[in-house]
Amino acid sequence: MTFTDYYLKFADEAEADSVLYTEVPIEWDRTDPDNPVPIKWEKRQNFRNTDILPKVVLTPATFDDEGHELTPAVYEEGYFVNVRLVGEDGSTLEPFKVYPDHPQRIWA
């Protein structure tokens, strides 16, 4: 079995959702049986293995001996996701690929 791992960076969660998920109807109004109308939707993953990362730390916070913060952490801008493809087409992910030197999380 062949795996393809993608490290992805999106501008924000909404951009990621537009690529990683599809809204599908799960409930319909059947008042008119010839023309049911979707009334409830849910997000479904477009890829089997999706890992949403927490904020990516560029510089950790520093603290004094009593635990008081001296300098706050600095975070990488963006919304980060790892995807492992298993025989899936990743062409829609290509524009968002990044190549981190030290990935925060990897697939086992």
Side-chain angles (χ1 to χ4, degrees):
M1 189 173 302
T2 304
F3 302 111
T4 305
D5 294 338
Y6 282 74
Y7 300 103
L8 306 170
K9 178 180 179 180
F10 298 94
D12 53 31
E13 183 177 1
E15 182 179 56
D17 283 359
S18 73
V19 174
L20 301 173
Y21 300 95
T22 299
E23 290 277 330
V24 295
I26 60 169
E27 191 175 312
W28 290 262
D29 176 353
R30 298 185 189 278
T31 305
D32 177 356
D34 295 328
N35 189 26
V37 177
I39 57 172
K40 190 172 181 183
W41 300 76
E42 78 176 14
K43 292 190 309 186
R44 296 236 176 111
Q45 286 185 193
N46 292 334
F47 304 97
R48 188 179 320 179
N49 302 295
T50 303
D51 179 26
I52 309 297
L53 277 65
K55 290 182 178 182
V56 174
V57 178
L58 290 174
T59 307
T62 60
F63 300 88
D64 65 18
D65 292 337
E66 283 95 36
H68 299 101
E69 185 177 64
L70 299 173
T71 58
V74 177
Y75 299 98
E76 175 83 23
E77 291 292 320
Y79 189 83
F80 298 89
V81 179
N82 294 340
V83 173
R84 171 169 274 182
L85 301 179
V86 183
E88 299 161 286
D89 176 19
S91 59
T92 59
L93 303 176
E94 289 293 328
F96 306 99
K97 278 178 82 171
V98 293
Y99 302 90
D101 292 331
H102 306 286
Q104 185 168 338
R105 289 202 302 227
I106 60 172
W107 296 99

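Heavy-atom basis, side chains included; hydrogens, waters and symmetry copies ignored. Count residues from 1 along the sequence.
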Open item on the list: List the residues meeting salt bridge (Lys or Arg N to Asp or Glu O under 4.0 Å) with Lys43, not counting sequence neighbours, and say none if there are none.
Closed with: Asp17
Task: Heavy-atom closest pair, residues Phe10 and Ala16 - done: CD1-CB, 3.5 Å
Open item on the list: Tell me whether Lys40 is salt-bridged to Glu42, with the criterion being a basic N under 4.0 Å from an acidic carboxylate O.
Closed with: no
Open item on the list: Is any side-chain heavy atom of Phe96 closer than 4.5 Å to one of Val19?
Closed with: yes
Task: Approximate separation, where rounding is to 0.5 Å, of Tyr7 OH and Tyr99 OH - done: 11.5 Å
Task: Same apolar cluster: Leu85 and Leu8, side chain cutoff 4.5 Å - done: yes
- [ ] Tell me whether Val81 is reachable from Leu93 by hopping between hydrophobic residues (I, L, V, M, F, W, Y) whose side-chain heavy atoms are closer than 4.5 Å.
- [x] yes
Task: Residue pair Trp28, Ile39: steps toward the side chain to side chain contact (heavy atoms under 4.5 Å, CB included) verdict - done: CA-CA 5 Å; Trp28 290 262; Ile39 57 172; 5.7 Å; no
- [ ] Could you tell me which non-hydrogen atom of Ile52 sits nearest to which non-hydrogen atom of Tyr21, and how far apart they are?
- [x] CD1-OH, 4.2 Å
Open item on the list: Between Lys9 and Glu76, does any NZ, NE, NH1 or NH2 come within less than 4.0 Å of an OD or OE carboxylate oxygen?
Closed with: yes
Task: Glu77 atom CD, over 12 foreign heavy atoms within 6.0 Å - done: no
Task: Non-hydrogen atoms of Val57 and Gln104 that approach each other most closely - done: N-OE1, 4.3 Å
Task: Shortest non-hydrogen contact from Leu20 toward Val83 - done: CD2-CG2, 4.1 Å
- [ ] Please collect all side-chain hydrogen bond (donor to acceptor under 3.5 Å, both in side chains) contacts where either partner lies in residues 48-59, sequence neighbours excluded, each pair once.
- [x] Asp51-Arg105
TODO: Flag the pair Ile26 / Trp41 as yes when at least one side-chain heavy-atom distance between them is below 4.5 Å, and no otherwise.
DONE: no
- [ ] Mind jotting down which residue pairs meet the salt bridge (charged side-chain N to carboxylate O under 4.0 Å, His left out) criterion with at least one end in residues 82-93? Sequence neighbours excluded, please.
- [x] Asp5-Arg84
Task: ILVMFWY network linking Phe47 to Phe80, side-chain heavy atoms under 4.5 angstrom - done: no
Task: Within 6.0 angstrom of Ile106 CD1, more than 12 heavy atoms from elsewhere - done: no
